[in-house]
There are 2 protein chains.
Amino acid sequence: MSTAEETAGGEAQAWGEVTPDAARRLLIAAVEAFAERGYHATTTRDIAGRAGMSPAALYIHYKTKEELLHRISRIGHEKALEILRTASRREGSATERLADAVSSFVRWHAGGRTTARVVQYELESLGPDARAEILALRRQVDGEVRGIIEEGARSGEFDVVDVHGTTLAVLSLCIDVARWFNVDGPRTPEQVGELYADLVLRMVGAQGPTA
Amino acid sequence: MSTAEETAGGEAQAWGEVTPDAARRLLIAAVEAFAERGYHATTTRDIAGRAGMSPAALYIHYKTKEELLHRISRIGHEKALEILRTASRREGSATERLADAVSSFVRWHAGGRTTARVVQYELESLGPDARAEILALRRQVDGEVRGIIEEGARSGEFDVVDVHGTTLAVLSLCIDVARWFNVDGPRTPEQVGELYADLVLRMVGAQGPTA
DNA sequence: GACCACACTAAGCGCTCGCTCACCTTCGGC
DNA sequence: GCCGAAGGTGAGCGAGCGCTTAGTGTGGTC
């Protein structure tokens with residue numbers, strides 16, 4: 001009924017770990033509002049309103065507006081990290097694992113665009129402590145992708161001049177999907193994921209199924 | 001002396017067209033503040049303070065805070081478009097022109113990161129009319145890159161499955177440089193430009209100097 | 001030297017923000 | 001059937017926001 005439930009749609013189940021129910025509703029409302037307007041342009045009254053509650057109710061479940069962003073950001077980064085770890089640790093060649101990592105990472109950014117936007121672009125609105133915690137998670141994200149690329153380069157499967165720079169570019173490409181992806185656009189998250197996996201394999205000079 | 005003059009540094013000359021002097025100082029101060037904190041988190045008092053003026057002085061030169069963002073965004077997009085047009089219209093193969101376009105576009109995003117951040121990431125803070133005007137410029141930006149890729153694909157110089165999607169990815173890759181590039185990091189804008197030009201040529205399957 | 005256009009400031013208006021507080025309702029345990 | 005805890009509300013506080021207004025200093029014109 002509420003905008004929260006509609007928009008979140010398939011994204012909502014990701015927040016199952018958040019309890020009690022009112023706290024989850026507030027969190028989902030905050031994700032939407034932050035994604036639409038940005039953290040600073042969102043008011044606590046707006047968040048509470050989307051969740052169907054009074055402004056004061058927010059402060060029963062969260063100490064500050066920033067705590068909401070912090071919680072969203074941590075859960076989101078943990079999810080992103082989990083996706084990459086799954087792809088990175090499966091069996092198969094570096095080519096297969098990189099393609100898997102990129103396509104699933106991109107699917108998450110496109111399909112869960114609302115969440116991904118907040119996670120990827122509102123980082124700087126966090127205070128120093130919270131930001132530091134999130135940055136540690138981001139370094140792990142980087143590490144997963146770099147690991148696959150390094151392995152492929154070492155084995156000769158890939159042809160990469162600058163492993164670090166290429167890793168940066170691959171991640172950047174995937175993350176930026178959250179900025180431009182349009183749910184009403186011509187492409188499904190799956191299609192973008194496939195396209196991007198192909199493009200990334202070209203970037204690292206994988207010899208396999210691309211040529 | 002002021003933070004404005006320091007940080008803007010080499011970027012400042014780009015605002016030469018803005019007169020009178022006080023209006024330019026305010027604009028440069030706004031670019032910095034918007035880039036650091038985001039549009040909504042920046043106060044008019046902060047902008048005026050950076051420019052060494054009282055809060056009221058801002059309203060002599062600009063009608064609203066949003067007009068500042070609008071002006072910055074338009075000038076920035078025009079500059080970006082000019083860069084791509086120059087690369088697109090020079091002589092040479094599609095490969096050479098795409099490499100030129102990407103490397104100069106990336107150099108602009110990395111070297112002028114302060115400006116580029118505002119231009120690329122604060123678009124949604126504009127009102128409907130201003131946003132529509134800027135979006136028209138962005139479509140022209142897209143068109144320039146797509147033109148080169150289309151040409152290379154048609155002549156057989158490139159091997160591209162999805163021209164539209166690849167264009168999107170190339171632009172996305174370049175634009176996102178403004179988000180992660182760090183002036184104190186290990187790479188110069190020139191180095192990132194070169195790396196990215198190489199990566200993009202791989203993405204479009206250019207046969208030339210990459211293989 | 002009277003005049004005015006211009007650039008600028010000090011003070012502050014009306015508003016909305018994040019957040020608090022006093023109070024209310026519901027409900028399981030005994 | 002009374003009680004305390006948990007979860008909620010309406011009203012509103014202090015602060016800071018975007019922006020305005022009345023007044024000041026300055027430089028060019030005749």
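Any value given below was found using the heavy atoms of this structure, including those in side chains, with hydrogens, waters and symmetry copies removed. Chain naming here is simple, since letters A, B, ... match the order of the sequence lines and numbering starts at 1 in each.
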| task | Report the C-alpha separation of A:Glu194 and A:Arg187 in whole Å, then their side-chain angles, then the decisive distance to 0.1 Å, and conclude whether the salt bridge (charged side-chain N to carboxylate O under 4.0 Å, His left out) test is met. | result | CA-CA 11 Å; A:Glu194 265 188 61; A:Arg187 279 165 245 271; over 6 Å; no

| request: Apply salt bridge (charged side-chain N to carboxylate O under 4.0 Å, His left out) to A:Glu36 and A:Arg50, showing your working. | output: CA-CA 13 Å; A:Glu36 265 177 42; A:Arg50 284 174 192 251; 3.1 Å; yes

| said: For a quick check, with a 4.0 angstrom heavy-atom cut-off, what is the B/S/- contact string for nucleotides 22-29 of chain D, read 5' to 3'? | reply: --------

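Qualifying side-chain hydrogen bond (donor to acceptor under 3.5 Å, both in side chains) partners for B:His70, counting only residues two or more places apart in sequence or in other chains: B:Glu133. Take B:Arg138 and apply the side-chain hydrogen bond (donor to acceptor under 3.5 Å, both in side chains) test, not counting sequence neighbours, and it matches B:His77, B:Gln120. In this view, B:Arg45 and B:Thr43, B:Pro55 satisfy the side-chain contact (heavy atoms from CB on, under 4.5 Å) rule, not counting sequence neighbours. Taking A:Glu151 as the reference, A:Arg97 meet the side-chain hydrogen bond (donor to acceptor under 3.5 Å, both in side chains) condition, with sequence neighbours excluded. Applying the ring-ring contact (aromatic ring centres under 6.0 Å, His included) test to A:Phe158 and every residue at least two apart in sequence or in another chain returns nothing.
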Output a table of nitrogen or oxygen pairs between the protein and nucleotides 16-18 of chain D separated by less than 3.5 Å.
unit_1: D:dG18; atom_1: OP1; unit_2: B:Thr42; atom_2: O; d: 3.1
unit_1: D:dG18; atom_1: OP1; unit_2: B:Lys65; atom_2: NZ; d: 3.0
unit_1: D:dG18; atom_1: OP2; unit_2: B:Thr44; atom_2: N; d: 2.9
unit_1: D:dG18; atom_1: OP2; unit_2: B:Thr44; atom_2: OG1; d: 3.1
unit_1: D:dG18; atom_1: N7; unit_2: B:Arg45; atom_2: NH1; d: 2.9
unit_1: D:dG18; atom_1: O6; unit_2: B:Arg45; atom_2: NH2; d: 3.1

Kindly give the atom pairs (protein nitrogen or oxygen, nucleotide nitrogen or oxygen) under 3.5 Å for nucleotides 7-11 of chain D.
unit_1: D:dG8; atom_1: OP2; unit_2: A:His61; atom_2: NE2; d: 2.7
unit_1: D:dT9; atom_1: OP2; unit_2: A:Ser54; atom_2: N; d: 3.0
unit_1: D:dT9; atom_1: OP2; unit_2: A:Ser54; atom_2: OG; d: 2.7

Give every donor-acceptor pair under 3.5 Å between a side-chain atom in residues 141-148 of chain A and any protein atom, sequence neighbours left out.
unit_1: A:Glu144; atom_1: OE1; unit_2: A:Ser88; atom_2: OG; d: 3.2
unit_1: A:Glu144; atom_1: OE2; unit_2: A:Arg85; atom_2: NH1; d: 3.4

Show me the donor-acceptor pairs within less than 3.5 Å that the side chains of residues 167-180 of chain A make with the rest of the protein, sequence neighbours left out.
unit_1: A:Thr167; atom_1: OG1; unit_2: A:Val163; atom_2: O; d: 2.7
unit_1: A:Ser172; atom_1: OG; unit_2: B:Asp176; atom_2: OD2; d: 2.6
unit_1: A:Asp176; atom_1: OD1; unit_2: A:Tyr121; atom_2: OH; d: 3.0
unit_1: A:Asp176; atom_1: OD1; unit_2: A:Arg179; atom_2: NE; d: 2.8
unit_1: A:Asp176; atom_1: OD2; unit_2: A:Arg179; atom_2: NE; d: 3.3
unit_1: A:Asp176; atom_1: OD2; unit_2: A:Arg179; atom_2: NH2; d: 2.7
unit_1: A:Asp176; atom_1: OD2; unit_2: B:Ser172; atom_2: OG; d: 2.6

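The main-chain N or O of A:Thr42 is never found under 3.5 Å from a side-chain atom of A:Arg37 such that the two would form a donor-acceptor pair.
Atom CD1 of B:Ile149 and atom CG of B:Asp162 lie 10.0 Å apart (nearest 0.5 Å). The structure places CD of A:Glu32 at 9.5 Å from CG of A:Asp46, a figure rounded to the nearest 0.5 Å. A:Leu195 CG to A:Ser103 OG: the interatomic distance, rounded to the nearest 0.5 Å, is 11.5 Å.
For the pair A:Lys65 and A:Tyr39, the cation-pi criterion (under 6.0 Å, within 45° of the ring axis) is fulfilled.
Mapping heavy-atom proximity under 4.0 Å, the span of DNA chain C touched by chain A runs 5' to 3' from C:dC17 to C:dC21.
The stretch residues 121-132 of chain B has no heavy atom under 4.0 angstrom from DNA chain D at all.
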